[in-house]
Peer 1: 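Here's a structure for you.
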Amino acid sequence: MDLNKLADALIPDENVKPLDYYETLFPERDLPKGAQVTRLAPSPTGFMHLGNLYVALANERIAHQSGGVFYLRIEDTDEKRKVEGAVEVIHSSLKYFDVIFDEGADLCGNYGPYYQRQRAEIYHAYAKELIKKGLAYPCFCTEEDLEKTREYQTENKLLPGYYGEFAKCRNLSEEEIYANLAAGKPYVIRLKSQGDVEVKHTFHDEVKGDITVTENNQDVVILKSDGIPTYHFAHAIDDHFMRTTLVIRGEEWLSSLPIHIELFKTLGFHLPKYGHNCSIQKVDGETRRKLSKRKDPEASLTFYREQGYHPTAVKTYMMTLLNSNFEEWMLKFPDKPLDEFKYSIGKMGKSGALFDILKLNDISKTIMATLSETEMYDFLKSWADDFGNEAQKSYFADKDYMLRVLTLCMGIGGKKRRKDFVCAKQAMEMIDYFFDSTFAPVYEYRFDKETVKTILQGFKATYVYADDMQTWFEKVKAVATASGFATDMKAYKADPTAFPGNVSDVAEMLRIATTGLYNTPDLWTIMQILGEERTFARLDKAVAAL
RNA sequence: GGCCCCAUGGUCAAGCGGUUAAGACACCACCCUUUCACGGUGGUAACAUGGGUUCGAGUCCCGUUGGGGUCACCA
């Protein structure tokens, strides 16, 4: 059989150049010794998974820490899953988390194009080469054909797939091939696998350590019937020509590693290093599973933006899962930027971590507590601009007022910063009582109405806006005493039954009356911020509601 | 089901042949405190299981069990 002729018949791409051309076009990168070239290679589905950020962070850190390159490649070989504007989503999502690419799709770079669909010519050149060498062949099997053999294999407990005796098109005669071609039958190009599943090798995975890989014996599809490569083929070609040195990817790829190893070998390419990291999991009923795009809102990166999680918080949490010694480092050097941490691929966990939003929240609170009031103002405002309702947007009309609110709620100026704010959404809800437009209290006192009324009215009669905190509190105590409440905590603790309550209960009533809440920062300051008029109005409103 | 990966408290995890088995989150108690928080102190809680190897095993080996991943013209 004339394989050169066959190759031309099968892949009539006029743009194909001799193989040397590509090797010179994409030369070895000139980088310092030890520098790693890594990448993120998402599909443009319009959905960015937490796992995308997770793996991006690992690749980014390793590349930049080693003086290498981190680039973005778009794996758009699946027409069905492609979504308009998806690349924009990829960029904006990662930009929010400050993950920076050195080159790649929609950026500069000498190793492009970075969209796989635009690289057809290269794939075709190499597919042709394999056909010419007799290492790839056309397959005319229909979906039904494949389904049938799969059924047979399953019934007979055989390894499923297209291989060996089941690879019907492997040994098609020249006449049969050209007859099929003439009949216009659609075809794919398959690799003629030289592997043997009985043969196993030890492979060094950068995160898992030494693992066992079985040789591939599947005649995998390398070019689909539309001439577009499958992931496997594109991966081998692209990571070779983009000169990737290290591939950190999810462990769901581990099982196709044998295919990739064979492909690199068959193409004559040097295999990059691989590290397969575990996916983030979640408890679902009795068992755990991968965070699911469909079932778990927190699987989506947009979730964190909508909730207004600070990007550093999410990144920090990802880092604690990514590198086991990161948290300790962070606790030791709370003021150092993330980038100063020495990321180590060897410290990546071998087993999948459960996503723990409580832990994220804790980290979030700590990060939020490092912001200044103006930084917080800007952060909340930008969240509100994108996701807030009209009322929340209006909070920013009076900047000075908002800054006073934030200063109080963040505990700035106090001995220790407060850690009430978890994310922008929650923070905005937490401060809504400062704004009459959203102030809709549900008064729930732990004392009977008469008692509350007496106390509120008693306080109102003595409250003077200009009082300092000490004077103010003396008045609270006086009101408490008038109703028989204890002001001496020691006396109260000694015999709680001797009093209807203590001064903290009185403070609670006043707090509920002015804010509608049990938990708020210092009440005196709240009243100072609200202003005299509004404070009285709130007390009146509370009394009227009794 | 075949193949591969994994296995220390509820969660993330340190440990890499000899430790009273760290630390963080969560939880509980107490302290601080006019309130709410923050903070501080202490506490509950773990080496899946059975065999080996060894003077000695969470650590090495094998089996079992459990969990996860994967078996496409999807990535």
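Side-chain atoms are counted along with the backbone in the values below, which use heavy atoms only and exclude waters and symmetry mates. In what follows, chains are A, B, ... by sequence order, proteins preceding strands, each numbered from 1.
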Peer 1: Taking only the side-chain heavy atoms of A:Thr77 (C-beta and beyond), determine which of B:A24, B:A75, B:A7 contains the nearest atom.
Peer 2: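 Output: B:A75.
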
Peer 1: Say whether A:Ser279 and A:Glu252, considering side chains only, have a donor N or O and an acceptor N or O under 3.5 Å apart.
Peer 2: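 Side chains of A:Ser279 and A:Glu252: no pair found under 3.5 Å.
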
Peer 1: Classify the nucleic acid contact of A:Asn325 as base, sugar-phosphate or nothing, counting any heavy atom under 4.0 Å across all strands shown.
Peer 2: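 It contacts nothing in the nucleic acid.
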
Peer 1: As a check on the pairing definition, encode RNA chain B in dot-bracket form, counting Watson-Crick and G-U wobble pairs whose two distances are under 3.5 Å, and using | for partners outside this strand.
Peer 2: ((((((((.[[[..)..(....]]].(((((.......)))))....[[[[[..)....]]]]])))))))....

Peer 1: What's A:Glu75 touching, base or sugar-phosphate or nothing? Going by heavy atoms closer than 4.0 Å.
Peer 2: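 Sugar-phosphate, no base atom in range.
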
Peer 1: With P as the reference atom in both, quote the distance from B:A48 to B:C30 in angstrom, rounded to an integer.
Peer 2: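 Those two atoms are separated by 35 Å.
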
Peer 1: Taking any heavy-atom pair under 4.0 Å as a contact, classify A:Arg418: base, sugar-phosphate, or nothing.
Peer 2: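 Contact class for A:Arg418: base.
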
Peer 1: Which nucleotide sits closest to the side chain of A:Ala353: B:C74, B:A24, B:C12?
Peer 2: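 Between B:C74, B:A24, B:C12, the one nearest the side chain of A:Ala353 would be B:C12.
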
Peer 1: How many Å lie between OH on A:Tyr115 and P on B:A75, as a whole number?
Peer 2: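 From A:Tyr115 OH to B:A75 P: 17 Å.
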
Peer 1: For atom C1', what is the distance between B:C6 and B:G40, given to the nearest Å?
Peer 2: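 Rounded to whole Å, the distance is 39 Å.
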
Peer 1: Taking atom types as they are modelled, is there a donor-acceptor pair under 3.5 Å from the base of B:C4 to the side chain of A:Ser255?
Peer 2: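 Per atom types, no contact qualifies.
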
Peer 1: For A:Asp238 and A:Gln116, which I'm curious about, is there any donor-acceptor pair between the side chains at under 3.5 Å?
Peer 2: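 Indeed, the side chains of A:Asp238 and A:Gln116 share at least one donor-acceptor pair under 3.5 Å.
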
Peer 1: Taking 4.0 Å as the cut-off, does a side-chain nitrogen or oxygen of A:Lys347 come that near to OP1 or OP2 on B:A13?
Peer 2: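 Answer no for this pair, as no side-chain N or O of A:Lys347 is under 4.0 Å from OP1 or OP2.
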
Peer 1: If the P atom of B:C28 is compared with that of B:U20, how far apart are they to the nearest Å?
Peer 2: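 Those two atoms are separated by 32 Å.
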
Peer 1: With respect to the side chain of A:Lys350, which nucleotide from B:C6, B:C12, B:A75 is positioned closest?
Peer 2: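 The nucleotide sitting nearest to the side chain is B:C6.
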
Peer 1: Over all strands shown, is A:Lys332 touching base, sugar-phosphate only, or nothing at heavy-atom distances under 4.0 angstrom?
Peer 2: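 Nothing: the residue A:Lys332, judged by heavy atoms under 4.0 Å, touches no strand.
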
Peer 1: Whole angstrom is fine here: how far is it from OH in A:Tyr231 over to C1' in B:A75?
Peer 2: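 Nearest whole value for this atom pair: 7 Å.
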
Peer 1: More 5' along RNA chain B: A:Leu321 or A:Leu223, using each one's nearest nucleotide?
Peer 2: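 Final value for this comparison: A:Leu321.
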
Peer 1: Which listed nucleotide (B:U11, B:C36, B:C3) is nearest to the side chain of A:Asn519?
Peer 2: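 The answer is B:C36.
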
Peer 1: Are A:Lys290 and B:U70 close enough that a side-chain N or O sits under 4.0 Å from OP1 or OP2?
Peer 2: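 Indeed, a polar side-chain atom of A:Lys290 lies that close.
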
Peer 1: With heavy atoms under 4.0 Å as the rule, sort A:Pro160 into base, sugar-phosphate or nothing.
Peer 2: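 Sugar-phosphate contact only.
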
Peer 1: So among A:Ile363, A:Ile280, A:Asn323, A:Leu360, which one has a side chain to side chain contact (heavy atoms under 4.5 Å, CB included) with A:Met318?
Peer 2: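 Of the listed options, the one satisfying the test is A:Ile280.
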
Peer 1: Treating A:Ser43 as the side-chain partner and A:Thr45 as the backbone partner, does any N or O pair qualify as donor plus acceptor under 3.5 Å?
Peer 2: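 No, A:Ser43 side chain to A:Thr45 backbone: no donor-acceptor pair under 3.5 Å.
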
Peer 1: Which nucleotide in the list B:C3, B:C12, B:U34 gets nearest to the side chain of A:Ser504?
Peer 2: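 That would be B:U34.
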
Peer 1: Tell me which nucleotide among B:A75, B:C12, B:A72 gets nearest to the side chain of A:Ser43.
Peer 2: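 The listed nucleotide nearest to A:Ser43's side chain is B:A75.
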
Peer 1: I'd like to know if the side chain of A:Asn361 pairs up with that of A:Ser364 as donor and acceptor (distance under 3.5 Å, no hydrogens or angles considered).
Peer 2: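 No, no side-chain donor-acceptor pair sits under 3.5 Å.
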
Peer 1: Which part of the nucleic acid, if any, lies within reach of A:Trp253 when heavy atoms closer than 4.0 Å are counted: base, sugar-phosphate only, or nothing?
Peer 2: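 The residue A:Trp253 makes base contact.
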
Peer 1: List the atom of A:Met527, the atom of A:Tyr465, and the distance in Å for their closest heavy-atom pair.
Peer 2: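 Distance-wise, the nearest heavy atoms are O-CE1, 3.5 Å.
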
Peer 1: Nearest to the side chain of A:Trp472, heavy atoms from C-beta on, is which of B:C73, B:A37, B:U34?
Peer 2: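 For A:Trp472, the side-chain atoms sit closest to B:U34.
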
Peer 1: Relative to A:Tyr274, does A:Arg249 satisfy both conditions: NZ or CZ under 6.0 angstrom from the six-membered ring centre, and within 45 degrees of the ring's axis?
Peer 2: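 Ring-cation test returns no.
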
Peer 1: When the C1' atoms of B:C12 and B:G51 are considered, how many whole Å apart are they?
Peer 2: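 One C1' to the other, the span is 32 Å.
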
Peer 1: Expressed as a whole number of angstroms, how long is the span from A:Glu252:CD to B:A72:C1'?
Peer 2: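 Checked: the CD to C1' distance equals 15 Å.
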
Peer 1: Rounded to whole Å, how long is the line connecting atom CG of A:Leu360 with atom C1' of B:C25?
Peer 2: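 Going from CG in A:Leu360 over to C1' in B:C25 covers 11 Å.
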
Peer 1: Assert yes or no for the condition that the ring centre distance of A:Phe264 to A:His232 is strictly below 6.0 Å.
Peer 2: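 Ring-ring flag for A:Phe264/A:His232: false, centres at least 6.0 Å apart.
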
Peer 1: For B:A7 and B:G50, measure between their C1' atoms and round to the nearest Å.
Peer 2: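 The same atom, C1', in both gives a distance of 16 Å.
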
Peer 1: Would you check if A:Asn216 and A:His260 make a side-chain contact, meaning some heavy-atom pair closer than 4.5 Å?
Peer 2: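 Result no, sub-4.5 Å side-chain heavy-atom pair not found.
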
Peer 1: Which whole number of Å gives the distance between the P atom of B:U64 and that of B:C3?
Peer 2: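 Looking at atom P only, B:U64 and B:C3 are 12 Å apart.
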
Peer 1: Is the count of non-hydrogen atoms from other residues, nucleotides or ligands lying under 6.0 Å from A:Lys168 atom NZ greater than 12?
Peer 2: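 Yes, because the 6.0 Å sphere around NZ of A:Lys168 holds more than 12 heavy atoms from other groups.
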
Peer 1: Heavy atoms under 4.0 Å, any strand shown: does A:Met509 hit a base, just sugar-phosphate, or nothing?
Peer 2: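 If one applies the 4.0 Å heavy-atom cut-off, A:Met509 turns out to touch nothing in the nucleic acid.
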
Peer 1: If you only use heavy atoms from C-beta on, which nucleotide in B:C3, B:A26, B:A75 is closest to the side chain of A:Leu358?
Peer 2: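 Of all the options, the side chain of A:Leu358 is nearest to B:A26.
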
Peer 1: NA contact type, A:Val503, heavy-atom cut-off 4.0 Å: base, sugar-phosphate, or nothing?
Peer 2: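 Touches sugar-phosphate only.
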
Peer 1: Respond yes when some side-chain nitrogen or oxygen of A:Arg288 is under 4.0 Å from OP1 or OP2 of B:C12, and no when none is.
Peer 2: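 Yes.
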
Peer 1: Select one nucleotide: of B:A7, B:U11, B:A72, the one nearest the side-chain heavy atoms of A:Leu354.
Peer 2: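 The answer is B:U11.
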
Peer 1: Check whether any side-chain nitrogen or oxygen of A:Thr320 sits under 4.0 Å from OP1 or OP2 of B:C12, and answer yes or no.
Peer 2: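 Indeed not, no polar side-chain atom of A:Thr320 lies that close.
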
Peer 1: Between B:A72 and B:C60, how far apart are the C1' atoms? Round to whole Å, please.
Peer 2: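 Per the computed distance, 41 Å lies between those C1' atoms.
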
Peer 1: May I ask you to evaluate whether A:Lys208 reaches the phosphate of B:C4, defined as a side-chain N or O under 4.0 Å from OP1 or OP2?
Peer 2: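 Answer is no, no contact under 4.0 Å.
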
Peer 1: Determine the contact category for A:Ser225: base if any of its heavy atoms lies under 4.0 Å from a base atom, sugar-phosphate if only primed atoms, P, OP1 or OP2 are that close, otherwise nothing.
Peer 2: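 Base contact.
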
Peer 1: Choose from B:A37, B:G68, B:C3 the nucleotide whose nearest atom is closest to any side-chain atom of A:Asp420.
Peer 2: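 Of the options given, the side chain of A:Asp420 lies nearest B:A37.
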
Peer 1: Considering just the side-chain nitrogens and oxygens of A:Ser324, establish if one lies under 4.0 Å of OP1 or OP2 belonging to B:A13.
Peer 2: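 No, no such contact exists.
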
Peer 1: P atom, B:A13 versus B:G18: distance in rounded Å?
Peer 2: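 Comparing P positions in B:A13 and B:G18 gives a spacing of 23 Å.
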
Peer 1: What is the distance, rounded to the nearest whole Å, between atom CZ of A:Arg150 and atom P of B:C71?
Peer 2: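 Rounded to whole Å, this separation is 11 Å.
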
Peer 1: Under 4.0 Å from OP1 or OP2 of B:G39: is there any side-chain N or O of A:Lys419 that close?
Peer 2: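 Result: yes.
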
Peer 1: In whole Å, I'd like the distance from the OH atom of A:Tyr274 to the P atom of B:C4.
Peer 2: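 To the nearest whole Å, that distance equals 19 Å.
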
Peer 1: If the test is side chain to side chain contact (heavy atoms under 4.5 Å, CB included), which one of A:Leu40, A:Leu322, A:Thr38 qualifies with A:Val55?
Peer 2: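 Filter result, single survivor: A:Leu40.
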
Peer 1: Is the distance between the ring centroids of A:Phe421 and A:His310 less than 6.0 Å?
Peer 2: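 Distance test on ring centres: not under 6.0 Å, no.
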
Peer 1: If you find the nucleotide of RNA chain B closest to A:Gln281 and the one closest to A:Thr142, which residue's nucleotide is nearer the 5' end?
Peer 2: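 The 5'-side residue here is A:Gln281.
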
Peer 1: To the nearest Å, how far apart are A:Arg117 CZ and B:C73 C1'?
Peer 2: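 For the pair A:Arg117 CZ and B:C73 C1', the rounded distance is 12 Å.
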
Peer 1: Any side-chain N or O of A:Arg190 less than 4.0 Å from the OP1 or OP2 oxygen of B:C73?
Peer 2: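 Result: yes.
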
Peer 1: Report which part of the nucleic acid A:Leu257 touches: base, sugar-phosphate, or nothing (heavy-atom distance under 4.0 Å, all strands).
Peer 2: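 A:Leu257: no heavy atom of the nucleic acid under 4.0 Å.
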
Peer 1: Write down the distance between CE (A:Met330) and C1' (B:C12), rounded to a whole number of angstrom.
Peer 2: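 That distance rounds to 11 Å.
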
